[in-house]
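Working notes, structure below.
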Amino acid sequence: MSTPRRRAIALIIACGIFLPGCVSRIDTSPDGTEGITAVAGFYPLAELVHEIGGDRVEVVNLTPAGAEAHDLELSPSQVDGVLDADLVLYVGGGFQPALEKAVAQRADDAGIDLAAGSDGDPHFWLSPLRLISAVPKVRAALSAADPTAAQQFQAASTSYVARLQNLHEEFSDGLADCDRRTFVTTHAAFGLLAEAYDLRQESISGLSPESEPDPARLAELADQISELGVTTVFVEPLAPRGAAETLAREADVTIAELDPLETLRADSDDDYFSVMRANLAALRNGLGCR
């Protein structure tokens, strides 16, 4: 059995057994040639490479649907998949340490840190414009791996960028005229989104959802909520809500969901665009936008 074929089968096995939330599509190209194997750390990265690579790429998402991306641990089989894949998409800076460790074992440059240059905030995908900037990196890597499909990857990239640009315009228009510009979240995942649309994020904890809430920080936020007329504390689908619910209760405001889009809910029919539009609707409601 050829090495490429062995790699592809290993990834399919890993996806089927260990990864119920995989975004896996096919294992060979339509013309019968070996396709590209791509491993992604979590959902938006997997969706990105699938949108550009289409049926030329076998995509393995290491974070199952409904799981916390930050908590990723790799089985030996998954580590082998990372080492053998043609392309590995990840977010560095300690976002998924187990994956970074596996990528560091490779002797080539097949691992791409898509958050590089994001000024310390890894959540680049929550800004459509930042996600657009990642498209050329993925297209170039796929084209290098399969030059015969470069034109297909270019066409798919152009289409995907147009959809992201439209989404950006929806956010820009939808958040232009609001009663408030400040929103409160459980952890600081939405800073780049806030920066893109002239909003201000205030968070209970830092960039990691596992950060312990500080009672002094909760008191400070309660004062800000009162002073700024904030009506909503945003929680996340998978993150603990205790601190946010306490803050909302003490400040007498409501709770609503804002999804950091690190994974999809299990059995969900959503995709990046539908979740982002739900986020936009939640922000518009919470900020009193017209």
Side-chain angles (χ1 to χ4, degrees), residues 42-44 66-71 95 118 120-128 130 167 170-266 268 270 272-290:
F42 55 106
Y43 169 71
E68 172 54 65
H70 294 269
D71 296 337
F95 190 89
S118 290
D121 186 344
H123 303 88
F124 72 95
W125 61 92
L126 290 172
S127 164
R130 297 271 186 158
L167 182 65
E170 290 179 37
F171 268 80
S172 184
D173 293 343
L175 298 171
D177 185 12
C178 305
D179 293 333
R180 296 166 291 279
R181 308 302 299 176
T182 299
F183 63 98
V184 177
T185 63
T186 50
H187 93 282
F190 301 92
L192 295 177
L193 182 151
E195 177 186 289
Y197 304 109
D198 192 29
L199 302 177
R200 176 183 172 191
Q201 173 191 238
E202 294 288 350
S203 62
I204 295 172
S205 59
L207 287 170
S208 171
E210 285 81 20
S211 301
E212 289 295 325
D214 180 356
R217 176 58 175 162
L218 292 176
E220 178 186 5
L221 282 174
D223 290 341
Q224 290 187 27
I225 286 172
S226 177
E227 293 169 4
L228 298 173
V230 172
T231 63
T232 309
V233 173
F234 289 104
V235 297
E236 300 171 14
L238 297 180
R241 299 187 175 197
E245 290 174 345
T246 297
L247 175 61
R249 184 169 57 251
E250 293 185 357
D252 194 24
V253 297
T254 61
I255 290 281
E257 280 196 357
L258 203 59
D259 197 329
L261 241 174
E262 295 167 5
T263 185
L264 296 178
R265 288 180 170 91
S268 171
D270 283 320
Y272 174 83
F273 291 92
S274 64
V275 174
M276 285 294 287
R277 289 188 172 105
N279 282 345
L280 174 58
L283 283 169
R284 283 177 49 80
N285 185 60
L287 294 172
C289 303
R290 288 169 287 279

Distance, nearest 0.5 Å, that separates [atom1] of [X] from [atom2] of [Y]:
X	Y	atom1	atom2	result
Asp270	Ser274	CG	OG	3.5 Å
Arg217	Ser205	CZ	OG	9.5 Å
Leu192	His123	CG	NE2	9.0 Å
Phe171	Leu199	CZ	CG	10.0 Å
Asp198	Leu175	CG	CG	10.0 Å

Exercise for the section: Could I get the full list of salt bridge (Lys or Arg N to Asp or Glu O under 4.0 Å) partners for Glu257, not counting sequence neighbours? Expected result: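 So Glu257 forms a salt bridge (Lys or Arg N to Asp or Glu O under 4.0 Å) with Arg241, Arg265.
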Handout entry: Qualifying residues under salt bridge (Lys or Arg N to Asp or Glu O under 4.0 Å), relative to Asp177, sequence neighbours excluded
Key =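 Only Arg290 meet the salt bridge (Lys or Arg N to Asp or Glu O under 4.0 Å) criterion with Asp177.
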State, yes or no, whether a side-chain contact exists between [X] and [Y] at a heavy-atom distance under 4.5 Å.
X	Y	value
Leu228	Arg180	no
Ile204	His187	no
Glu227	Asp223	yes
Leu193	Gln201	no
Met276	Leu261	yes
Glu202	Leu221	yes
Leu283	Cys289	no
Glu245	Glu250	no

Which heavy-atom pair separates [X] from [Y] by the least distance, and what is that distance?
X	Y	result
Thr182	Val230	O-CG2, 4.0 Å
Ala244	Val233	CB-CG1, 3.9 Å
Leu238	Thr263	CD1-CG2, 3.3 Å
Pro260	Glu236	CG-OE1, 3.5 Å
Ala188	Asp121	O-OD2, 4.2 Å
Tyr197	Ser172	CE2-N, 3.7 Å

Check whether any side-chain N or O of [X] sits under 3.5 Å from a backbone N or O of [Y] as a donor-acceptor pair, and report yes or no.
X	Y	value
Thr232	Phe234	no
Tyr43	Tyr272	yes
Asp179	Leu287	no
Thr231	Gly286	yes
Arg200	Ala194	no
Thr186	Val235	no
Thr246	Gly242	yes

Exercise for the section: I would like to know whether Arg130 and Glu195 meet salt bridge (Lys or Arg N to Asp or Glu O under 4.0 Å); could you show each step before the answer? Expected result: CA-CA 11 Å; Arg130 297 271 186 158; Glu195 177 186 289; 3.0 Å; yes
Handout entry: Aromatic ring proximity, centroids under 6.0 angstrom, Phe95 and His70
Key =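 Ring-ring flag for His70/Phe95: true, centres closer than 6.0 Å.
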Exercise for the section: Please work out whether the ring planes of Trp125 and Phe42 are parallel, tilted or perpendicular, with thresholds of 30° and 60°. Expected result: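 Judged by the thresholds at 30° and 60°, the geometry between Trp125 and Phe42 is perpendicular.
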